[in-house]
Amino acid sequence: MGGPAPVTPIPRDFFARPAVDVAPELLGAVIEHQAPEGLVALRLTEVEAYAGQADPASHAYRGKTRRNAVMFGPPGHAYVYFTYGMHFCVNLVCLGEGRPDAVLLRAGEVIEGEALARARRATSRRAADLASGPARLCQALGIDSSFNGADVCTAGSPLRVRADGPRPGTTGRSADKAKIATGPRVGVTAAAEVPWRFWIEGAPSVSAYRPHGPRRRKLVTP
DNA sequence: TGCATGATGTTCT
DNA sequence: GAACATCATGCAC
């Protein structure tokens, strides 16, 4: 008795749809990681949809590989990948049944466990920067490759996603009332014209879109 | 305040 | 061998 409050994750059916439909509805939802050292929960403020094998920017575009195998599995699981030699990013698998849609979690605001999130991200001075970016979000939550394939729809799972219920006594910003904006995805060159990035208008944790120029390769003269 | 660049390793061609 | 769904830093103004 008197244990932690029961957690009701979002039902798996919610994810059994195209990522483009799921992504905007995930804004305002809460992802939380119950680690041995504590709990960190954050409200999602920025996501991107990746439309499986029809989307040139998707990791699943070229078919199933060892890395993206989780995307081809059942919906409601986490697809965690390692990139740029030092960062993790996390997606939530949608559709399923061999249709590898996914939603990339790009940013969120910490609503529980801020002390732990700050400890994990010593470089962040501002609270809004704790999970402002896909790799920062993973770092704040303590997500690494061991969470690849984790089920986020099970109450007992250390990593789960729940809808943001009404929160009496707070400002209660929710996706229902907040304005949702859309735009091009960040850091992808393929299908750059598709506005499949969704964020909560005005959320301080959302990083501004940087139309960064082409990355100049290191000039190597053999 | 804003941009240019190095760090660093896995994956795929 | 090259690309990569990035981040933090350093320097110019």
Does the B/dA7 base have a donor-acceptor partner in the side chain of A/Tyr84 within less than 3.5 Å? no
Is there aromatic stacking of A/Tyr50 against C/dA5, centre distance under 5.5 Å, plane angle under 30°? yes
Does C/dC7 have OP1 or OP2 under 4.0 Å away from a side-chain N or O of A/Arg121? no
Give a yes/no answer on whether the side chain of A/His59 brings an N or O atom under 4.0 Å of OP1 or OP2 in C/dA5. yes
State whether A/Thr83 places a side-chain N or O below 4.0 Å from either non-bridging phosphate oxygen (OP1 or OP2) of C/dA5. no
How many Å lie between CZ on A/Arg106 and P on C/dC7, as a whole number? 7 Å
note: A/Arg120, atom CZ; C/dC7, atom P; distance rounded to Å ~ 17 Å
Is the shortest side-chain N to carboxylate O distance from A/Glu201 to A/Lys179 below 4.0 Å? no
Cluster check A/Leu95, A/Leu104: I/L/V/M/F/W/Y, side chain < 4.5 angstrom: no
Rounded to whole Å, CZ of A/Arg62 lies from C1' of C/dA3 at a distance of 11 Å
Run the salt-bridge test on A/Glu112 and A/Arg43 with the 4.0 Å N-O cut-off and return the result as yes or no. no
side-chain hydrogen bond (donor to acceptor under 3.5 Å, both in side chains), that's the test. Do A/Ser205 and A/Thr45 meet it? Break it down for me. CA-CA 7 Å; A/Ser205 54; A/Thr45 56; 2.9 Å; yes
Just the rounded figure in Å: distance from C1' of B/dC12 to OH of A/Tyr61. 15 Å
Less than 4.0 angstrom from a charged side-chain N to a carboxylate O is my criterion; do A/Arg12 and A/Asp151 meet it? yes
Over all strands shown, is A/Ala57 touching base, sugar-phosphate only, or nothing at heavy-atom distances under 4.0 angstrom? base
A/Arg160 versus A/Leu39, closest heavy-atom pair with distance: NH2-CD1, 4.0 Å
Rounded to whole angstrom units, what separation is found between the CZ atom of A/Arg126 and the P atom of C/dA8? 13 Å
Taking 4.0 angstrom as the limit, do A/Glu193 and A/Arg185 come out as a salt bridge? no
Spacing of A/Met86 atom CE relative to C/dT9 atom C1', expressed in whole Å: 12 Å
Heavy-atom nearest nucleotide on DNA chain C for A/Gln139 versus A/Gly85: which residue maps closer to 5'? A/Gly85
Which nucleotide in the list B/dT11, B/dT10, C/dT6 gets nearest to the side chain of A/Arg67? B/dT11
Just checking A/Arg66: base, sugar-phosphate only, or nothing, at a heavy-atom cut-off of under 4.0 Å? nothing
Closest approach to the side chain of A/Cys89, judged atom by atom: which nucleotide of C/dT6, B/dT13, B/dT10 is it? C/dT6
Could you please name the option among B/dT10, C/dT9, C/dA5 that lies closest to any side-chain atom of A/Thr123? C/dT9
So with a 6.0 Å cut-off around OH of A/Tyr61, is the heavy-atom count from everything else above 12? no
For DNA chain B, the expected dot-bracket line (Watson-Crick or G-U under 3.5 Å, [ ] crossing, | inter-strand) is |||||||.||||.
Can you find a side chain N or O atom of A/Arg136 that sits less than 4.0 Å from OP1 or OP2 on C/dA8? yes
With a 4.0 Å limit, can you tell me whether A/Thr65 has a side-chain N or O closer than that to the phosphate oxygens OP1/OP2 of B/dC12? yes
Return the value, rounded to whole Å, for the distance between atom CZ of A/Phe88 and atom P of B/dT8. 15 Å
In whole angstrom, give the distance that lies between atom OH of A/Tyr79 and atom P of C/dA5. 9 Å
